[in-house]
Amino acid sequence: MSNYEASFEIESKADSNATRRILEHAYDTIREESRTVREETEDASELLGSFRALRDAARSPSPGRLTITYQPFDGEFDSSEPHD
């Protein structure tokens with residue numbers, strides 16, 4: 001199983017703004033997913049809390065690094081789940 005990783009070095013205010021927008025979009029997407037699929041479950045609350053913390057941290061411009069890791073798992077989705 002392969003992991004995929006991308007890092008974005010935050011070296012300027014423009015980079016910081018891009019990072020903030022990425023994390024705001026991720027938070028909004030996870031929030032909408034939680035409302036429609038996971039509605040009020042404990043794991044949804046924890047997940048949303050984690051993404052909220054990332055979003056809030058990115059609101060204060062500072063140098064740093066944003067790293068995104070995609071770790072695919074073996075297996076398939078439940079066929080009863082909604083999909084795009």
Side-chain angles (χ1 to χ4, degrees):
M1 176 169 43
S2 298
N3 286 336
Y4 303 91
E5 186 172 290
S7 291
F8 181 70
E9 297 295 328
I10 304 163
E11 299 173 336
S12 69
K13 189 158 180 147
D15 292 347
S16 183
N17 288 335
T19 301
R20 179 185 47 77
R21 287 191 307 271
I22 289 167
L23 293 173
E24 284 177 353
H25 184 72
Y27 173 78
D28 290 344
T29 302
I30 297 297
R31 186 188 68 227
E32 288 303 315
E33 171 73 11
S34 295
R35 284 183 183 166
T36 59
V37 177
R38 301 172 189 248
E39 209 163 359
E40 303 293 323
T41 64
E42 187 174 324
D43 66 329
S45 296
E46 287 178 31
L47 177 64
L48 191 56
S50 296
F51 274 89
R52 183 181 305 113
L54 285 170
R55 179 203 63 188
D56 292 349
R59 286 185 172 162
S60 299
S62 63
R65 175 184 302 135
L66 173 65
T67 302
I68 299 171
T69 302
Y70 173 59
Q71 184 179 27
F73 300 129
D74 292 334
E76 296 182 18
F77 292 108
D78 179 356
S79 61
S80 65
E81 291 181 9
H83 53 63
D84 291 333

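These numbers come from a predicted model, not from an experiment.
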If we only count heavy atoms from C-beta on, is the Arg31 to Arg52 side-chain gap below 4.5 Å?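 Heavy-atom side-chain distance check fails, nothing below 4.5 Å.
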Applying side-chain contact (heavy atoms from CB on, under 4.5 Å), run through Ile68 and Tyr4 and close with a yes or a no. CA-CA 8 Å; Ile68 299 171; Tyr4 303 91; over 6 Å; no
Check [X] against [Y] and note the closest heavy-atom contact, atom names and distance.
| X | Y | value |
| --- | --- | --- |
| Glu9 | Asp15 | O-OD2, 3.3 Å |
| Arg59 | Pro61 | O-CD, 3.3 Å |
| Ser7 | Thr67 | OG-OG1, 3.0 Å |
| Ser16 | Ser62 | OG-N, 3.7 Å |
| Ile10 | Leu66 | CD1-N, 4.1 Å |

In this structure, which one of Leu23, Ile22, Asp28, Thr29 forms a side chain to side chain contact (heavy atoms under 4.5 Å, CB included) with His25?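 Single pass found, and it is Thr29.
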Straight-line distance of Phe51 CZ to Asp56 CG, nearest 0.5 Å: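 Separation between the atoms: 13.0 Å.
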